[in-house]
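Before any comments, here is the structure.
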Amino acid sequence: MSQRLLIVDDEESIVTLLQFNLEQSGFDVTTAMDGATALELATNETFDLLILDLMLPEMDGLDVCKNLRLNKVMTPILMLTAKDDEFDKVLGLELGADDYMTKPFSPREVVARVRAILRRVNPPFVEETTGKNDTKSETIKFGEVEIHPENYEVLFKNQPIELTPKEFELLLYLATNKGRVLTRDQLLNAVWNYEFVGDTRIVDVHISHLREKIETNTKKPVYIKTIRGLGYKLEEPILNV
């Protein structure tokens with residue numbers, strides 16, 4: 001069954017170009033030309049990924065993204081913009097976008113980015129093996145947090161919490177390197193690959209989001225510690241019983 005994408009852009013030429021290339025790559029594509037229509041479609045139908053332009057009529061991409069996340073629609077969002085503006089980029093990620101591309105771009109690059117996001121969200125399969133190095137299906141526990149990689153699920157105090165794909169990937173990487181100090185550049189390279197080289201504010205934004213979801217007191221985090229001048233470290237907390 002083909003994975004469903006929603007492309008939202010008010011430039012017909014871009015929609016046509018992306019739709020053609022993504023359909024040629026095997027995706028089932030729906031399109032919208034304004035933010036209000038996109039919000040309605042994404043709220044009432046199921047998509048595997050949204051490609052969302054920032055500048056849209058009716059409702060801009062930031063508002064669409066914000067409303068979807070407020071409504072607990074956690075579909076991965078790849079945001080597009082003609083602006084090369086760091087403020088917009090960081091704000092989009094703060095509101096819940098998972099990835100970001102600046103126009104102009106090649107259709108091949110968009111297809112590659114879409115596939116990369118979908119692989120992270122829905123791995124095509126998990127090899128069945130009894131080997132000790134098979135960590136993909138192992139539950140990871142620390143404190144009152146449980147990560148179930150095979151189900152793409154995180155529990156906090158035995159309750160499921162909603163994470164965007166990037167938040168999940170970042171938390172999983174921190175957890176598999178528990179006790180190690182990881183620099184912002186290391187986290188950028190591991191979680192975002194080449195996409196935001198040098199833009200360490202993006203790491204800080206996602207760390208802040210994670211703390212809001214797994215820390216009882218974000219001012220005094222017990223799981224994700226800031227190592228001043230270096231980066232972050234995930235620790236096993238000492239919990240009062």
(message) Enumerate the ring-ring contact (aromatic ring centres under 6.0 Å, His included) contacts for residues 158-191, please, sequence neighbours excluded, ordered by first and then second residue.
(response)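 Every ring-ring contact (aromatic ring centres under 6.0 Å, His included) pair that includes a residue of residues 158-191, provided the two are not neighbours, is Tyr152-Phe168.
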Output the distance between atom [atom1] ([X]) and atom [atom2] ([Y]), rounded to the nearest 0.5 Å.
X: Leu41; Y: Thr46; atom1: CG; atom2: OG1; result: 11.5 Å
X: Glu169; Y: Leu187; atom1: CD; atom2: CG; result: 11.0 Å
X: Lys166; Y: Tyr100; atom1: NZ; atom2: OH; result: 15.0 Å
X: Arg115; Y: Gln3; atom1: CZ; atom2: CD; result: 9.5 Å

Counting only heavy atoms not in [X] (residues, nucleotides, ligands), do more than 12 fall under 6.0 Å from its [atom1]?
X: Glu212; atom1: CD; answer: yes
X: Phe20; atom1: CZ; answer: no
X: Asn158; atom1: CG; answer: no

Between [X] and [Y], is any pair of side-chain heavy atoms under 4.5 Å apart?
X: Val8; Y: Val64; value: no
X: Leu182; Y: Tyr232; value: no
X: Glu146; Y: Val154; value: no
X: Leu174; Y: Ile207; value: yes
X: Arg113; Y: Asp99; value: yes
X: Thr164; Y: Pro76; value: no
X: Val114; Y: Leu78; value: yes
X: Leu210; Y: Leu163; value: yes

[Y] backbone acceptor or donor facing [X] side chain under 3.5 Å:
X: Ser208; Y: Asp204; result: no
X: Asn71; Y: Val73; result: no
X: Asn189; Y: Asp185; result: no
X: Asn177; Y: Arg180; result: no
X: Gln186; Y: Thr183; result: yes
X: Glu215; Y: Lys220; result: no

Margin query: Working note: Ile224 + Ile214, criterion side-chain contact (heavy atoms from CB on, under 4.5 Å); need CA distance, chi angles, decisive distance, verdict.
Written below: CA-CA 9 Å; Ile224 304 175; Ile214 68 168; 4.1 Å; yes
[X]: side-chain contact (heavy atoms from CB on, under 4.5 Å) partners, not counting sequence neighbours:
X: Ala42; answer: Leu6, Leu50, Leu68
X: Thr31; answer: Ile7, Val15, Gln19, Val29
X: Gln159; answer: none
X: Arg4; answer: Asp28, Thr30, Glu45, Phe47, Asp48

Taking only residues two or more places apart in sequence or in another chain, which ones pass ring-ring contact (aromatic ring centres under 6.0 Å, His included) with Phe142?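 Partners of Phe142 under the ring-ring contact (aromatic ring centres under 6.0 Å, His included) test: Tyr223.
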Closest heavy-atom pair and its distance - [X], [Y]:
X: Cys65; Y: Ala97; result: SG-N, 3.4 Å
X: Leu49; Y: Ile51; result: CD2-CG1, 3.6 Å
X: Glu11; Y: Asp9; result: N-OD1, 2.8 Å

Quick one: hydrophobic cluster around Leu230, which other residues, with the 4.5 Å side-chain cut-off, linked directly or via members?
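Once heavy-atom contacts under 4.5 Å are chained together, Leu230 belongs with Val181, Ile227.
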- Query: Using a side-chain heavy atom cutoff under 4.5 Å and only I, L, V, M, F, W and Y, what cluster partners does Leu17 have?
  - Reply: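 None, because no other hydrophobic side chain comes under 4.5 Å of this residue.
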The test is side chain to side chain donor-acceptor pair (under 3.5 Å); show your working for His209 and Glu167 and say whether it passes. CA-CA 8 Å; His209 287 176; Glu167 289 167 2; 3.1 Å; yes
(request) Please assess Arg69 against Asn67 for the test side-chain contact (heavy atoms from CB on, under 4.5 Å), listing each intermediate value before the final yes or no. (result) CA-CA 5 Å; Arg69 296 313 188 220; Asn67 277 277; over 6 Å; no
For [X], enumerate each residue passing the salt bridge (charged side-chain N to carboxylate O under 4.0 Å, His left out) test, keeping only those at least two apart in sequence or located in another chain.
X: Arg211; result: none
X: Glu235; result: Lys225, Lys233
X: Lys157; result: none

Between Glu162 and Lys72, does any side-chain N to carboxylate O distance fall below 4.0 Å?
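No, Glu162 and Lys72 are not salt-bridged.
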| said: Checking Ser2 against Glu23 for the side-chain contact (heavy atoms from CB on, under 4.5 Å) test, could you report, in this order, the C-alpha distance in whole Å, the side-chain angles of both residues, the deciding distance, and whether it holds? | reply: CA-CA 10 Å; Ser2 298; Glu23 287 180 342; over 6 Å; no
* Do Met74 and Val205 share a hydrophobic cluster, counting only Ile, Leu, Val, Met, Phe, Trp and Tyr and linking them when any side-chain heavy atoms are less than 4.5 Å apart? ->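 No.
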Q | Shared hydrophobic cluster for Leu234 and Ile161 (ILVMFWY, side-chain gaps under 4.5 Å) | A |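 Yes, Leu234 connects to Ile161 through the hydrophobic network.
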Donor-acceptor pairs under 3.5 angstrom involving side-chain atoms of residues 52-63: please list them, not counting sequence neighbours.
from	atom 1	to	atom 2	distance (Å)
Asp53	OD1	Lys103	NZ	3.2
Asp60	OD1	Leu62	N	3.1
Asp60	OD1	Asp63	N	2.8

What do the steps show when you test Leu155 against Glu153 for side-chain contact (heavy atoms from CB on, under 4.5 Å), and what is the final call?
-> CA-CA 7 Å; Leu155 304 179; Glu153 181 182 54; 4.0 Å; yes
